[in-house]
Amino acid sequence: MIQMYNVSKCYPNGVNALVDVSVTIEKGNFVFLVGPSGAGKSTFTKLIFREELPTSGQILFDGKSVTRMKDSEVPYLRRQIGVVFQDFRLLPHKTVFDNVAFAMEIVEAPRRKIRARVPQVLDMVGLAEKAKLHPHQLSGGEQQRVSIARAIVNDPLVIIADEPTGNLDPETAQEIMNLLLSINGRGTTIIMATHARDIVDNLRRRVIALDGGQIVRDEARGGYEAGD
Ligand code: ADP
Ligand code: ADP
């Protein structure tokens, strides 16, 4: 699904955020990206949806070069990738329904398709009853469910989640993890950057550990730290 070959990223200020990273993430993988602040986790994810370009190296997404693709092809790449953030990033003046619908409007889905699809996805994340509310009327966990609904509404191949449980209490975090696991169970590849040691240690999924911009560990059923 995603292949990186000798990928390095040096920001204009001279920071080497990633150094010679080579890795393959297969379709259906659930991957935890771990490592201290500044290790390069966010940069790693941004390179996948072409928020940033690498300084050198090659990245393939579903067999297609992310680095060589034309600007006009970037929207097609992004349609295949749902992104979830720690701070939800919902539109405050839109309802739950409209926040999710907006992701379909951006890709110019027909209105009848939007009207049919949004309730399905809200149902899946357990928010069917809250479609008409605004984000400020929801708990943090519910807001994160809206952002997950928005991420999956266009049926992406990959979900990238950057600290999706970072603002949630442990119980709510576990509910969000269950939702991500059920999405993964349907074949969607998930890449999740996290500092949540207990979640990583309990789930025993693939762990890619970054430090100083390099992959220092890659285990099929890893813990948060080597030896965990
Ligand atoms: P992490 O997500 O693991 O905290 P990041 O990928 O955000 O790591 O950052 C890796 C390094 O790159 C850090 O030293 C950070 O300060 C630097 N960095 C990140 N984004 C930028 C940017 N846009 N411009 C300059 N330096 C950046
Ligand atoms: P069903 O599977 O019967 O269509 P569900 O309640 O299980 O209904 O799912 C509700 C909606 O969520 C469906 O339209 C389904 O396609 C969508 N959905 C479920 N999992 C994913 C996923 N991983 N990515 C995108 N959409 C999904």
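Fair warning: this is a prediction, and the values are worked out from it, not measured in the lab. For ligands, and for the atoms within them, numbers begin at 1 and follow the listed sequence.
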Salt-bridge criterion met for Arg217 and Glu219 (N-O under 4.0 Å): yes
Just grab all the side-chain hydrogen bond (donor to acceptor under 3.5 Å, both in side chains) pairs involving residues 24-40, residues at least two apart or on different chains. Asn29-Arg206
Pairs under 3.5 Å, N/O atoms on ligand 1 and on the protein: can you put them in a table with the distances?
from: ligand 1; atom 1: 2 (O); to: Ser42; atom 2: N; distance (Å): 2.8
from: ligand 1; atom 1: 2 (O); to: Ser42; atom 2: OG; distance (Å): 3.0
from: ligand 1; atom 1: 3 (O); to: Ala39; atom 2: N; distance (Å): 3.1
from: ligand 1; atom 1: 3 (O); to: Gly40; atom 2: N; distance (Å): 3.0
from: ligand 1; atom 1: 3 (O); to: Lys41; atom 2: N; distance (Å): 2.9
from: ligand 1; atom 1: 3 (O); to: Lys41; atom 2: NZ; distance (Å): 2.9
from: ligand 1; atom 1: 4 (O); to: Gly38; atom 2: N; distance (Å): 2.7
from: ligand 1; atom 1: 6 (O); to: Thr43; atom 2: N; distance (Å): 2.9
from: ligand 1; atom 1: 6 (O); to: Thr43; atom 2: OG1; distance (Å): 2.6
from: ligand 1; atom 1: 8 (O); to: Gly40; atom 2: N; distance (Å): 3.1
from: ligand 1; atom 1: 26 (N); to: Asn13; atom 2: ND2; distance (Å): 3.4

Residue pairs fulfilling salt bridge (Lys or Arg N to Asp or Glu O under 4.0 Å) with at least one residue in residues 96-106, sequence neighbours excluded: none
Answer yes if the side chains of Glu175 and Thr172 hold a donor-acceptor pair under 3.5 Å, and no otherwise. no
For Phe32, give me all partners under ring-ring contact (aromatic ring centres under 6.0 Å, His included), at least two apart in sequence or on another chain. Phe30
Can you name the closest pair of heavy atoms from Val66 and Leu60 and give their distance? CG2-C, 4.3 Å
